[in-house]
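So you know, we letter chains A, B, ... as the sequences are listed, proteins then strands, and number each from 1. What you see is a predicted model, and the numbers here were worked out from it, not measured in a lab.
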Amino acid sequence: MAQIKPSLAKGTRDFSPAEMEKRNYIFDTIKDVFRRYGYQEIQTPSFENLQTLTGKYGEEGDKLIFKILNSGDFLSKVSEDKLMERNSNALTPLISEKALRYDLTVPFARYVVMHQNDIALPFKRFQVQPVWRADRPQKGRYREFYQCDVDVVGSESLLNEAEFVLIYKEALGKLGLKDFTIKLNNRKILAGIAALIGKPELLIEMTVAIDKLDKIGLEGVNKELLERGFTPADLEKLYPVITLSGNITEKVSSLKKTLAPTEIGLQGIAEIEEVLAYVQAMDSGAGHLVELDITLARGLNYYTGCIFEVKTNEVQMGSIGGGGRYDDLTGMFGLKGLTGVGISFGADRIYDVLEELQLFPKSAQQGTKVLISNFDTTAQQYALPIVQQLRQAGISSELYPNASKLKKQMSYADAKGIPYVILIGEQEMTGGLLTLKDMATGDQQSLELSAIVERLR
RNA sequence: GUGGUUUUAGCUCAGUUGGUUAGAGCGCCUGAUUGUGGUUCAGGAGGUCGUGGGUUCGAGCCCCAUAUUCCACCCCA
């Protein structure tokens with residue numbers, strides 16, 4: 001067989017042992033918080049029927065879905081005309097019926113509809129799995145990455161939203177992040193603003209434009225709004241909203257006045273206030289993390305109420321989490337009137353942030369505690385029951401599998417960061433005591449196995 | 001999808017106007033030490049210069065294509 005140069009597919013990475021230790025530390029920390037808030041884990045398949053995924057993420061999102069070619073001679077069933085048209089978009093559904101999941105929320109909605117008779121509402125689930133996006137990779141952006149989602153369906157209470165704020169606070173705090181902001185907004189406020197101008201149909205255009213405020217400034221936003229179908233008179237009305245400033249209470253009271261003519265806008269503000277009140281009642285220290293940011297839009301089309309986004313202020317990085325309420329996601333699968341709300345942690349970005357800030361604890365690297373040397377076949381035979389006894393005593397142990405030079409075995413222990421080595425040779429086997437070497441200090445002493453177990457446990 | 005950028009030893013990187021045999025540090029292997037790693041010393045291996053074309057007497061260096069890395073858009077975790 002012809003040799004091929006080994007390489008990774010664009011936007012993917014291998015995770016070596018040291019990286020997996022750190023990744024698992026992140027996953028374990030986040031999952032632990034999820035469980036303590038009463039969420040249970042599920043998993044769904046890596047790929048779904050293409051139909052399940054398309055049309056949920058907006059036009060841009062749909063383009064980023066990785067499609068899977070049908071099996072067999074998939075072109076034989078396609079008509080000559082379709083092939084000659086050379087129209088990829090028209091051809092795709094004919095040759096692809098499956099796709100890699102793009103996020104965890106839509107598969108979850110599908111899951112809820114399919115298992116509606118088995119689950120008790122409100123249903124609180126979490127899910128930690130990889131998702132795939134055919135995006136162009138760059139810093140903090142991969143084509144395969146893990147999301148840690150928590151969602152609850154079947155409860156319209158804003159207590160859920162408030163708990164998500166606390167989950168963010170707790171999980172990110174446990175991971176060592178000190179300075180981060182949980183941005184909060186509500187789609188109803190955005191709808192209210194659009195209604196105020198009298199152009200509810202331009203809601204999406206409006207949010208996309210004002211979302212860029214911190215990037216392109218007020219003038220840039222105005223320019224973009226004009227390009228997207230708004231008039232100078234509209235900009236006049238938008239001005240006080242876009243340039244909203246002050247602390248969260250000031251923003252709320254200012255918005256109340258501006259949005260007074262629109263019922264939906266007032267409703268959005270009321271929801272924000274309620275969430276904040278819950279947060280305050282549960283943890284008075286969490287309120288300062290929350291910021292009302294009415295320029296926060298979030299692309300995913302299915303959000304209808306509160307929306308979240310989390311940014312770290314310690315390093316330059318895109319959002320490390322986001323989420324929101326969706327009132328009718330299950331409706332697309334035939335189950336109407338079921339509301340849901342959830343958030344997501346971007347594990348890979350959090351990893352990059354922790355790495356940059358050097359926040360991984362030493363204990364995130366727990367490997368083999370003791371290596372037993374291998375002198376020759378006799379010593380190996382002698383060591384077999386010993387290594388098992390150590391393992392049964394809960395001590396991570398390994399017996400070097402070959403009678404290589406001791407120098408090589410010691411180097412192995414050193415390279416792998418194994419803190420202790422047990423030497424078993426002629427002397428030890430006749431004397432009945434084992435030699436325990438502490439790799440950090442270089443000290444050696446002769447001990448009985450029971451004493452070694454005591455010491456290493 | 002658009003524009004730019006990167007690619008040379010296992011890793012991080014030098015490499016002059018296009019000119020003999022492509023370098024360094026770290027790592028790796030061997031020995032000093034046949035029962036001892038991490039330090040020290042001596043020696044050694046390892047490269048189709050991302051890939052495919054082209055220009056040239058001659059290409060790591062110039063041109064074209066392509067892949068890849070990172071960055072800015074777009075969008076997002």
**OP:** Check whether the side chain of A/Arg141 and the base of B/C70 form a donor-acceptor pair under 3.5 Å.
**Re:** no

Original post:
When you compare B/G15 with B/C29, how far apart are their P atoms, in angstrom units rounded to a whole number?
Top reply: 31 Å

**OP:** For B/C49 versus B/C61, give the span between their C1' atoms, rounded off to a whole number of Å.
**Re:** 10 Å

**OP:** Please report, rounded to the nearest Å, how far the P atom of B/G38 is from the NZ atom of A/Lys437.
**Re:** 10 Å

**OP:** Just compare B/C76, B/C75, B/U36 and give me whichever is closest to any side-chain atom of A/Leu423.
**Re:** B/U36

**OP:** Mark yes or no for a side-chain to base donor-acceptor pair under 3.5 Å between A/Arg136 and B/U2, with no hydrogen or angle criteria applied.
**Re:** yes

Original post:
Looking at A/Phe47 versus A/Phe66, is the centre-to-centre ring distance below 6.0 Å?
Top reply: no

**OP:** Determine, for A/Phe15 and A/Arg23, whether the Lys NZ or Arg CZ falls below 6.0 Å from the six-membered ring centre while staying within 45 degrees of the axis.
**Re:** yes

Original post:
When the distance from CG of A/Asp352 to P of B/C76 is rounded to whole Å, what number comes out?
Top reply: 20 Å

**OP:** Write down the distance between CG (A/Leu296) and C1' (B/C76), rounded to a whole number of angstrom.
**Re:** 12 Å

Original post:
How far does the P atom of B/A22 sit from the matching atom of B/A65, given to the nearest Å?
Top reply: 30 Å

Subject >> Nearest-0.5 Å distance, CG of residue A/Asp327 to OG1 of residue A/Thr339 >> reply: 4.0 Å

Original post:
When you compare B/G25 with B/A42, how far apart are their P atoms, in angstrom units rounded to a whole number?
Top reply: 12 Å

Original post:
B/C74 P sits how many Å from A/Asp62 CG, rounded?
Top reply: 20 Å

Original post:
Closest to the A/Glu60 side chain: B/U36, B/C75, B/A77?
Top reply: B/C75

Subject >> Sugar-phosphate only, base, or nothing, as touched by A/Gly140 at under 4.0 Å among non-hydrogen atoms >> reply: base

Original post:
Looking at the side chain of A/Lys10, which of B/U68, B/C76, B/U36 is the nearest nucleotide?
Top reply: B/U68

Original post:
Does A/Phe375 stack onto the base of B/G35, taking stacking as ring centres under 5.5 Å apart and planes under 30° apart?
Top reply: no

Original post:
Who does B/U40 pair with, Watson-Crick or G-U, both distances under 3.5 Å?
Top reply: B/A32

Original post:
Does any N or O donor sit under 3.5 Å from an N or O acceptor when you compare the side chain of A/Glu428 with the base of B/G35?
Top reply: yes

Subject >> A/Lys405 side chain, from C-beta outward: closest of B/C76, B/U30, B/G37 >> reply: B/U30

Original post:
Contact class for A/Tyr142 (heavy atom, under 4.0 Å): base, sugar-phosphate, or nothing?
Top reply: base

Original post:
When we call it a touch if two heavy atoms are under 4.0 Å apart, what does A/Gly318 touch: a base, just sugar-phosphate, or nothing?
Top reply: nothing

**OP:** Please measure how far the P atom in B/G27 lies from the corresponding atom in B/U34, and state the result in whole Å.
**Re:** 23 Å

**OP:** Classify the angle between the aromatic ring planes of A/Tyr400 and A/Tyr412 as parallel (below 30°), tilted (30 to 60°) or perpendicular (above 60°).
**Re:** perpendicular

Original post:
Could you give the CZ-to-C1' distance, from A/Arg143 to B/U69, as a whole number of Å?
Top reply: 13 Å

Original post:
Using the C1' atom in both, what is the distance from B/U21 to B/C64, to the nearest Å?
Top reply: 31 Å

Original post:
If you check every side-chain atom of A/Asp414, which of B/C70, B/G37, B/C75 has the closest atom?
Top reply: B/G37

Subject >> Nearest-Å distance for atom pair CG/P, residues A/Leu434 and B/G35 >> reply: 18 Å

**OP:** Taking only the side-chain nitrogens and oxygens of A/Lys407, find out if one of them lies under 4.0 Å from OP1 or OP2 of B/G31.
**Re:** no

**OP:** Would you check if there is a donor-acceptor pair between the side chains of A/Tyr351 and A/Glu19 at a distance under 3.5 Å?
**Re:** no

Original post:
B/C11 pairs with which nucleotide, Watson-Crick or G-U wobble, both distances below 3.5 Å?
Top reply: B/G25

Original post:
Could you go step by step and tell me if A/Glu144 and A/Thr12 meet the side-chain hydrogen bond (donor to acceptor under 3.5 Å, both in side chains) rule?
Top reply: CA-CA 6 Å; A/Glu144 177 184 62; A/Thr12 64; over 6 Å; no

Subject >> Separation of atom CD in A/Gln316 from atom P in B/C70, rounded to whole Å >> reply: 16 Å

Subject >> Sub-6.0 Å ring centroid separation between A/Tyr146 and A/Phe345 >> reply: no

**OP:** Please confirm whether any donor atom in the side chain of A/Gln444 sits under 3.5 Å from an acceptor in the base of B/U36, or the reverse.
**Re:** yes

**OP:** Ignoring backbone atoms, test whether A/Gln138 places a side-chain nitrogen or oxygen under 4.0 Å from the OP1 or OP2 oxygen of B/A72.
**Re:** yes

**OP:** Provide the distance between the two P atoms, one in B/A67 and one in B/G1, to the nearest whole Å.
**Re:** 10 Å

Subject >> Minimum heavy-atom distance A/Lys183-A/Asp293, with the two atoms named >> reply: CD-OD2, 3.3 Å

Subject >> Whole-Å gap separating P (B/U36) and CD (A/Gln409) >> reply: 11 Å

Original post:
Picking from B/C76, B/G35, B/C75, which would you name as closest to the side chain of A/Thr435?
Top reply: B/G35

Original post:
Applying a 3.5 Å limit to both distances, which nucleotide forms a Watson-Crick or G-U wobble pair with B/A65?
Top reply: B/U51

Original post:
Using the P atom in both, what is the distance from B/C75 to B/A9, to the nearest Å?
Top reply: 39 Å

